[in-house]
Amino acid sequence: MKKYLLAILLALPLAISAQDNTWEKIETEPVEKENPDAKYLAENAVPMVDGKVVFHTVINAPGKSADQIYDILLKQLEKMVQEPNQIENSVVALQNRDKHELAAVFHEWLVFKSVALSLDRTQFNYQLHVLCSDGQADVSMMRISYDYDMERNPQHYTAEEWISDKYAINKKRTKLYPISGKFRRKTIDRKDFIFNKFNALLNDQK
């Protein structure tokens, strides 16, 4: 009887290990987490043209004439200069229907952080230039600068000396610098919003 029980006990661990192999080490490739700043670290995320920061895009608008594109984007620019985030002196400065050319100057708030009793923001200054032709719009954001901490310690930065790769990204291109980096993120986000809005308006099928 004792020999029988001993045989059962000796066999038991083998039976368990055959069913439950969680003790085995499973080799897996490490999962590389995507850098949340990848979009802002990418090459040409802040393009330089002749030493100046210029964001540029060509928006296709199939079936629309230069006049139609001009009217759509003029209406949008007129709306933008009146939006609540504008400070003062934002204006559609150029309207040339013969050349289908538009230009607007913006002075607006970019908010980095807004919580109770704490508001971190900058005045964001830039120009938009639009050249319309049949089927497309050529759009540029340029002459970008910032006026920061105006109430306590006023600081003025140009995009070239603040959000360019040289001033906003570490040498290994793995992370943004804490202060200039937040300006780079918000500027790219704002540019993307405007360009995407123009694209949506010009490709509205209604």
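No hydrogens, no waters, no symmetry mates; every other heavy atom, side chains included, goes into these values.
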Any chain of hydrophobic side-chain contacts (each under 4.5 Å) joining Tyr40 to Ile179?
-> yes
Sub-3.5 Å donor-acceptor pair from the side chain of Tyr167 to the main-chain atoms of Tyr177, do we have one?
-> no
Taking the side chain from Asp134 and the backbone from Ala66, do they hold a donor-acceptor pair closer than 3.5 Å?
-> yes
Any side-chain heavy atom of His107 sitting closer than 4.5 Å to one from Gln123?
-> yes
Charged N to carboxylate O under 4.0 angstrom, Asp204 versus Lys64?
-> no
Report yes if some heavy atom in the side chain of Arg121 is under 4.5 Å from a heavy atom in the side chain of Lys186; otherwise report no.
-> no
Closest heavy-atom contact between Ala159 and Tyr146?
-> CA-CE1, 4.1 Å
Look only at the side chain of Lys52 and the backbone of Arg143, and say whether a donor-acceptor pair between them is shorter than 3.5 Å.
-> no
Is there side-chain contact between Gln136 and Ile69, with at least one heavy-atom pair below 4.5 Å?
-> no
Do Ser145 and His156 have side chains that get closer than 4.5 Å, going by heavy atoms?
-> yes
Shared hydrophobic cluster for Tyr157 and Ile188 (ILVMFWY, side-chain gaps under 4.5 Å) = yes
In this structure, which one of Asp138, Asn96, Val139, Leu102 forms a side-chain contact (heavy atoms from CB on, under 4.5 Å) with Leu131?
-> Asp138
Is any side-chain heavy atom of Phe55 less than 4.5 Å from a side-chain heavy atom of Val49?
-> no
Have Tyr126 and Thr187 got a donor and an acceptor in their side chains that come within less than 3.5 Å?
-> no
How far apart are the C-alpha atoms of Glu160 and Lys166, what are their side-chain angles, what is the distance that settles it, and do they pass the side-chain contact (heavy atoms from CB on, under 4.5 Å) test?
-> CA-CA 9 Å; Glu160 292 74 27; Lys166 180 179 178 180; over 6 Å; no
Nearest heavy-atom neighbours spanning Val81 and Glu78 | CG2-O, 3.2 Å
Answer yes or no: is there a donor N or O on one side and an acceptor on the other, between the side chain of Asn203 and the main chain of Asn60, under 3.5 Å?
-> yes
Heavy-atom pair with the smallest gap, counting every atom of Ala168 and Ser180 | CA-OG, 3.4 Å
Is it true that a side-chain atom of Asn153 and a backbone atom of Asp149 form a donor plus acceptor pair closer than 3.5 Å?
-> no
Check whether more than 12 heavy atoms from other residues, nucleotides or ligands sit under 6.0 Å from atom CD of Glu83, and answer yes or no.
-> yes
Taking the side chain as C-beta and beyond, is there a heavy-atom pair between Leu119 and Trp109 under 4.5 Å?
-> no
Starting from the C-alpha separation in whole Å, work towards a yes-or-no answer on side-chain contact (heavy atoms from CB on, under 4.5 Å) for Leu202 and Leu73.
-> CA-CA 8 Å; Leu202 294 180; Leu73 295 186; 4.2 Å; yes
If you draw a 6.0 Å radius around NZ in Lys175, do more than 12 non-hydrogen atoms from other residues or ligands fall strictly inside?
-> no
Quick one: CD1 on Ile59 to CG on Asn196, what's the gap to the nearest 0.5 Å?
-> 8.5 Å
Nearest heavy-atom approach of Phe106 to Gln86 is CD2-OE1, 3.5 Å
Would you find a donor on one side and an acceptor on the other, under 3.5 Å apart, between the side chain of Thr122 and the backbone of Asp147?
-> yes
Are Leu77 and Met142 grouped together when hydrophobic residues (ILVMFWY) are joined by side-chain heavy atoms under 4.5 angstrom apart?
-> no
Among Lys182, Arg173, Arg185, Arg184, the one residue meeting salt bridge (Lys or Arg N to Asp or Glu O under 4.0 Å) with Asp37 = Arg185
Hey, are the side chains of Asp67 and Arg97 touching, using non-hydrogen atoms and a 4.5 Å cut-off?
-> yes
Compare all side-chain heavy atoms of Phe112 with those of Tyr148 and state whether any distance is below 4.5 angstrom.
-> yes
After noting the C-alpha distance and the side-chain angles of Leu128 and Met80, does the key distance pass the side-chain contact (heavy atoms from CB on, under 4.5 Å) rule?
-> CA-CA 11 Å; Leu128 287 179; Met80 287 173 63; 4.0 Å; yes
Sub-3.5 Å donor-acceptor pair from the side chain of Asn170 to the main-chain atoms of Thr174, do we have one?
-> yes
Path from Leu201 to Met141 over hydrophobic side-chain contacts below 4.5 Å | yes
Arg190 vs Ile144, side-chain contact (heavy atoms from CB on, under 4.5 Å): CA-CA, chis, key distance, verdict | CA-CA 12 Å; Arg190 180 62 172 154; Ile144 300 168; over 6 Å; no
Shared ILVMFWY cluster between Leu110 and Val105, side chains joined below 4.5 angstrom?
-> no
Rounded to the nearest 0.5 Å, what's the gap from CG on Asp192 to NZ on Lys39? Could you check?
-> 4.0 Å
Reported CD1-to-OG1 distance for the pair Ile194 and Thr57, which is rounded to 0.5 angstrom = 12.5 Å
